[in-house]
Protein chains: 2
Amino acid sequence: MEPVSMLLAMAYRAMGDQFHERLRAVELEPLRPAHGYVFRFLAERRATAQDLAAHLGVTKQAAAKIVSELVEWRYVQREPHPTDKRAQYVTLTTKGRDYLKFADGMWADLEAEMASVIGTAELHALKGNLKKYLDHVGVHHLRPVW
Amino acid sequence: MEPVSMLLAMAYRAMGDQFHERLRAVELEPLRPAHGYVFRFLAERRATAQDLAAHLGVTKQAAAKIVSELVEWRYVQREPHPTDKRAQYVTLTTKGRDYLKFADGMWADLEAEMASVIGTAELHALKGNLKKYLDHVGVHHLRPVW
DNA sequence: TATGGTTAGACAACCAAGTTGACTACTTCA
DNA sequence: TGAAGTAGTCAACTTGGTTGTCTAACCATA
């Protein structure tokens with residue numbers, strides 16, 4: 001039997017491929033996986049470009065480039081930082097939140113398909129065990145898989 | 001609860017991070033994930049650069065570059081194609097097979113750690129369900145997650 | 001058996017997404 | 001209040017890919 005690592009990679013890639021295939025049908029701007037990680041991060045907090053850089057695991061210059069792109073496409077906007085005049089907060093616009101909602105819907109569809117294949121209880125157990133493992137290794141949030 | 005897609009990505013990335021961390025301690029050449037996919041593919045068959053390109057989902061030129069690199073490091077070697085004078089087979093050297101064995105051992109260690117956290121039976125069920133899903137979506141072998 | 005279409009691999013020019021390094025303006029702390 | 005550190009920008013470079021072109025070899029068919 002294949003190692004779990006390989007099965008995890010295959011399953012993740014299979015879902016991701018279907019996600020992007022469905023996405024291609026509707027989207028305008030060429031959104032890449034990195035953008036998804038940004039949206040998801042910004043959904044939970046206000047963040048500076050530096051915060052994003054740390055989260056994505058890239059340099060601040062790379063993060064700044066991504067932010068500029070997303071600002072241009074109006075998915076995010078810059079706001080003055082209340083206390084630090086050097087910094088700017090980056091936040092989701094309505095368009096950004098709408099996109100995230102749409103993407104979450106597609107992920108949920110793919111999850112439902114998985115549930116229909118392996119069963120709801122099995123899916124629930126699978127998720128529970130993955131969480132247990134993640135908790136054990138101390139991973140608590142999604143970082144990019146590149 | 002997070003979507004499965006996210007849990008799969010997190011778990012895969014968590015295992016991958018540990019793998020590369022352990023790898024860093026011993027390796028000489030700067031092997032990247034792409035190389036792992038090449039080794040694993042070559043372990044099962046003789047392949048031309050074109051076959052590799054198709055498997056990796058990159059152009060033949062990109063595949064050729066990777067092959068040249070691995071030949072230089074002596075992980076793989078080129079062999080004349082028996083019937084097609086244009087083509088060359090790429091095969092693993094002893095060094096390549098040794099590396100693969102070593103890597104598989106590390107993946108097995110990480111899997112054992114997972115088993116110790118969630119239980120052997122649970123791990124077995126998890127793998128079985130992932131395979132069932134992969135079978136349903138028609139994915140039968142590992143393609144790179146980039 | 002000649003010939004036209006296809007394919008494997010090499011070479012070159014280019015591109016995208018990251019990097020490092022340097023700088024300014026502002027912040028923080030002893 | 002001065003020195004060290006930090007947010008963001010600009011510019012040069014690196015890397016890992018791309019497209020485009022070419023040659024030699026293959027293969028189908030008339």
Side-chain angles (χ1 to χ4, degrees), chain A residues 13 16-17 20 23-24 27-39 41-42 45-73 75-91 143-146, chain B residues 13 16-17 20 24 27 29-39 41-42 45-73 75-91 143-146:
Chain A
R13 163 119 195 186
D17 283 352
H20 286 102
L23 194 58
R24 255 208 326 274
E27 78 177 289
L28 301 159
E29 295 89 359
L31 288 174
R32 290 162 314 204
H35 300 128
Y37 291 102
V38 170
F39 293 156
F41 189 68
L42 293 181
R45 77 211 95 227
R46 289 142 91 210
T48 64
Q50 293 277 25
D51 296 335
L52 278 171
H55 174 65
L56 296 174
V58 299
T59 58
K60 58 184 179 169
Q61 292 91 331
K65 213 185 276 186
I66 294 174
V67 169
S68 297
E69 200 172 41
L70 289 176
V71 166
E72 199 172 324
W73 294 337
Y75 285 103
V76 306
Q77 60 201 351
R78 286 188 245 257
E79 290 175 10
H81 191 289
T83 64
D84 189 336
K85 281 182 203 156
R86 295 166 306 171
Q88 286 176 306
Y89 271 135
V90 179
T91 58
R143 307 254 337 263
V145 176
W146 350 88
Chain B
R13 160 119 200 188
D17 283 352
H20 286 103
R24 254 208 327 274
E27 77 177 294
E29 296 88 1
L31 288 174
R32 285 162 286 145
H35 300 129
Y37 290 103
V38 171
F39 293 155
F41 189 67
L42 292 181
R45 76 211 94 229
R46 291 140 91 211
T48 64
Q50 291 276 24
D51 296 333
L52 278 171
H55 174 65
L56 296 174
V58 300
T59 58
K60 56 183 179 170
Q61 293 89 332
K65 214 185 277 187
I66 293 173
V67 169
S68 297
E69 201 172 39
L70 289 177
V71 165
E72 200 172 324
W73 294 337
Y75 286 103
V76 307
Q77 59 200 351
R78 285 187 246 256
E79 290 176 10
H81 193 288
T83 64
D84 189 335
K85 283 182 203 155
R86 296 167 305 174
Q88 286 176 306
Y89 271 135
V90 179
T91 59
R143 306 254 336 262
V145 176
W146 352 86

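Residue numbering restarts at 1 for every chain, and letters A, B, ... go by the order of the sequence lines.
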### Contact summary for Leu42(A) and Ala47(A), nearest pair of heavy atoms
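Between these two residues, the closest heavy atoms are CD2-CB, 3.8 Å.
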Mind checking whether [X] and [Y] have side chains closer than 4.5 Å, heavy atoms only?
{"X": "Glu69(B)", "Y": "Arg32(B)", "result": "yes"}
{"X": "Pro80(A)", "Y": "Tyr89(A)", "result": "no"}
{"X": "Val90(B)", "Y": "Thr48(B)", "result": "no"}

With B for base contact, S for sugar-phosphate-only contact and - for none (protein heavy atoms under 4.0 Å), nucleotides 3-16 of chain D reads --BBBBBB-----S
Quiz prompt | ring-ring contact (aromatic ring centres under 6.0 Å, His included) involving Phe39(A) - partner list, sequence neighbours excluded | solution =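 For Phe39(A), the residues satisfying ring-ring contact (aromatic ring centres under 6.0 Å, His included) (neighbours in sequence not counted) are Tyr75(A), Tyr99(A).
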message: Would you compute the distance between atom NE2 of His20(A) and atom CG of Leu31(A) and round it to the nearest 0.5 angstrom?
response: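 Nearest 0.5 Å value for the NE2-CG distance: 8.5 Å.
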Result of checking Arg45(B), Arg78(B), Glu79(B) against Thr91(B) for side-chain hydrogen bond (donor to acceptor under 3.5 Å, both in side chains):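 Per the side-chain hydrogen bond (donor to acceptor under 3.5 Å, both in side chains) rule, the option paired with Thr91(B) is Glu79(B), out of Arg45(B), Arg78(B), Glu79(B).
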Exercise: do Glu29(A) and His35(A) side chains pair donor with acceptor under 3.5 Å: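 Note: Glu29(A) and His35(A) side chains miss the donor-acceptor criterion.
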Item to complete: Answer yes or no: does a side-chain N or O of Thr59(B) lie under 4.0 Å from OP1 or OP2 of dG17(D)?
Response: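 Checking dG17(D) against Thr59(B), no side-chain N or O comes under 4.0 Å of OP1 or OP2.
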Rounded to whole Å, CG of Leu70(A) lies from P of dA17(C) at a distance of 12 Å
Separation of dT19(C) atom C1' from Leu56(A) atom CG, nearest Å, is 15 Å
Give me, pair by pair, the N or O atoms of the protein and of nucleotides 1-4 of chain C that are less than 3.5 Å apart, along with how far apart they are.
none

